[in-house]
Amino acid sequence: MNGIPVLTAEGQGIAQAWENSLLTLYEQGCDISTQYDKAGDPPSKDATMLITVHQPLAEPMIHRDFPGGFEDLQEYVMEVCDGIKDHCVRDPADPADTRWEYTYHQRLFAYTVPSVAAPIDQIEDICQQLAKTGYTRRAQAITWKVWEDRHCYDPACLQSLWCRLTDEAEGAVLSMNVRFRSNDAYKAAFMNLFALIQLQSRIAARVAELSGRAVRLGRYCHLADSYHIYGSNMEEFKSRFLGAQATRTFEGRTMRYEDVREFMDQARPMILDKAQGMGR
């Protein structure tokens with residue numbers, strides 16, 4: 001090994017790709033400390049990871065062993081795609097404000113720059129660019145604010161989105177690349193993948209609306225500079241995730257999103273009430 005290993009994983013759908021990425025990371029990642037380790041914690045398993053989901057909407061989409069429940073997953077999708085927690089972001093001009101440093105939705109849909117009067121909707125800009133010139137290489141959105149994030153306590157992990165259309169035999173296809181500087185492979189990556197693919201679907205629908213032509217989802221590519229399983233979570237990972245590998249089939253480890261979509265949708269009003277009660 002010469003530094004941090006660069007690993008790849010793939011799958012037809014989200015559940016398969018995420019599962020394969022964890023197995024590859026566990027088997028081939030390096031051991032390294034983190035800034036969040038407590039005394040006695042073992043090192044984390046880490047790598048630079050490239051995950052390809054070939055058919056982002058292919059079933060089964062949900063892996064039963066992701067930490068969390070269906071309501072948690074729906075809440076995260078709404079946080080990323082609908083901005084239900086944007087009011088929880090702190091006012092950078094108020095030192096006494098201890099709310100969150102950011103939400104992904106706020107950085108993507110309402111990116112603020114000190115010298116620009118109005119927030120920038122980067123996702124709408126992506127859609128407008130692709131509707132006009134589908135093959136543009138400039139359809140991207142960023143989250144990093146160099147003037148804030150270099151020294152803040154909790155800087156954004158998601159760094160950028162990049163989208164492009166290709167014209168294929170069956171019509172226009174939207175591919176999306178996502179880059180994380182840091183990604184908790186076991187405790188967060190599945191929900192990241194799921195929510196960002198929901199966002200990819202919304203971008204495709206908006207481009208179709210603007211351009212007047214059908215747009216379907218192409219592959220989703222997820223690059224994490226540091227894709228890691230924290231040492232403090234390793235025993236849980238071995239017993240829960242690896243244990244399921246030994247005792248259940250892939251069908252038993254996964255679930256169709258269509259089978260739980262209605263339940264997740266029904267949770268939306270409760271999730272909205274919960275989100276509105278957060279913050280100051």
Side-chain angles (χ1 to χ4, degrees), residues 1-37 41-56 58 61 63 65-67 80 104 107-108 137-144 146 149-150 154-164 166 173-197 199-200 217-238 241-242 245 250 253:
M1 188 177 75
N2 184 26
I4 300 168
V6 179
L7 306 177
T8 61
E10 60 185 325
Q12 280 300 107
I14 302 171
Q16 185 181 50
W18 179 67
E19 180 176 275
N20 288 343
S21 75
L22 285 176
L23 293 172
T24 301
L25 174 62
Y26 178 72
E27 293 167 359
Q28 301 179 40
C30 68
D31 294 330
I32 193 169
S33 299
T34 80
Q35 292 166 292
Y36 303 101
D37 293 346
D41 283 347
S44 294
K45 191 67 72 173
D46 205 313
T48 293
M49 177 68 74
L50 179 66
I51 305 170
T52 304
V53 184
H54 294 292
Q55 300 291 338
M61 290 180 69
H63 200 290
D65 289 312
F66 86 92
V80 171
Y104 291 148
R107 292 284 176 101
L108 296 172
R137 296 187 292 261
R138 303 175 185 179
Q140 72 166 351
I142 64 171
T143 66
W144 194 256
V146 67
D149 294 342
R150 289 177 304 149
D154 184 26
C157 295
L158 170 65
Q159 296 296 291
S160 66
L161 308 178
W162 180 89
C163 298
R164 201 179 194 190
T166 50
V173 177
L174 175 71
S175 297
M176 188 162 87
N177 296 353
V178 170
R179 177 180 161 250
F180 278 73
R181 64 168 183 84
S182 177
N183 204 188
D184 186 335
Y186 179 48
K187 291 289 189 176
F190 177 85
M191 295 175 77
N192 297 143
L193 286 161
F194 190 91
L196 289 166
I197 284 171
L199 180 58
Q200 182 183 6
L217 263 59
R219 93 293 182 278
Y220 170 94
C221 182
H222 187 99
L223 173 65
D225 298 325
S226 168
Y227 194 66
H228 49 266
I229 304 170
Y230 282 106
S232 58
N233 294 326
M234 190 58 69
E235 289 306 313
E236 177 189 336
F237 172 77
K238 290 178 180 178
F241 186 88
L242 296 183
Q245 296 289 313
F250 179 72
R253 299 191 300 269

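- Scanning both residues, E10 and N20, for their nearest heavy atoms gives O-ND2, 2.8 Å.
- R164 contributes no side-chain N or O that, together with a main-chain N or O of M176, makes up a donor-acceptor pair within less than 3.5 Å.
- Contact record, D149 with P155: O-CB, 3.6 Å, taken as the closest heavy-atom pair.
- Taking 4.5 Å as the limit, some side-chain heavy atom of I229 sits within range of a side-chain heavy atom of L22.
- Across all their heavy atoms, K187 and D184 have their closest contact at N-OD1, 3.0 Å.
- Considering L174, L193, N177, I51 as possible partners of Y220, the one that fulfils the side-chain contact (heavy atoms from CB on, under 4.5 Å) test is L193.
- Residues R107 and T143 come closest through the heavy atom pair NH1-O, 2.7 Å.
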_Is there a side chain to side chain contact (heavy atoms under 4.5 Å, CB included) between K45 and D31? Walk through the geometry before answering._
CA-CA 5 Å; K45 191 67 72 173; D31 294 330; 3.0 Å; yes
*Evaluate ring-ring contact (aromatic ring centres under 6.0 Å, His included) for F194 paired with H63, printing each intermediate quantity in order.*
CA-CA 10 Å; F194 190 91; H63 200 290; over 10 Å; no
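- Between atom CH2 of residue W144 and atom OG of residue S160 there is a gap of 12.5 Å, rounded to the nearest 0.5 Å.
- No donor-acceptor pair under 3.5 Å is formed between the side chain of W18 and the backbone N or O of Y186.
- Put simply, the side chain of Y26 reaches to within 4.5 Å of the side chain of K238, judged on heavy atoms.
- Interatomic distance, CG of D46 versus CG of L25, reported as 7.0 Å (0.5 Å rounding).
- Side-chain contact, H222 with N192: no donor N or O sits under 3.5 Å from an acceptor N or O.
- For H228 against S182, the heavy-atom pair with the smallest separation is CE1-OG, 3.1 Å.
- Here the straight-line distance linking atom NE2 of H54 with atom SG of C221 works out to 10.0 Å at 0.5 Å rounding.
- Looking at V80 and L158, their side chains never come closer than 4.5 Å, going by heavy atoms from C-beta outward.
- Applying the 6.0 Å contact sphere to CD1 of I4 captures no more than 12 heavy atoms from other residues, nucleotides or ligands.
- Atoms CG and CZ, on L223 and R179 in that order, are 7.0 Å from each other to the nearest 0.5 Å.
- N183 is not listed as a side-chain neighbour of C157, based on a closest heavy-atom distance of 4.5 Å or more.
- Here the side chain of Q140 pairs no donor or acceptor atom with the backbone of R137 at under 3.5 angstrom.
- If you take CG on D65 and CG on L242, they are separated by 10.0 Å, rounding to the nearest 0.5 Å.
- Within the 4.5 Å cutoff, side-chain heavy atoms of L199 are placed close to those of L108.
- Interatomic distance, Q55 CD to M61 CE, rounded to the nearest 0.5 Å: 11.5 Å.
- Contact annotation: the side chain of E19 approaches that of F250 to within less than 4.5 Å [non-hydrogen atoms, C-beta and beyond].
- Heavy-atom minimum distance, S44 versus G231: OG-N, 3.3 Å.
- Between L196 and F180, some side-chain heavy-atom pair lies under the 4.5 Å cut-off.
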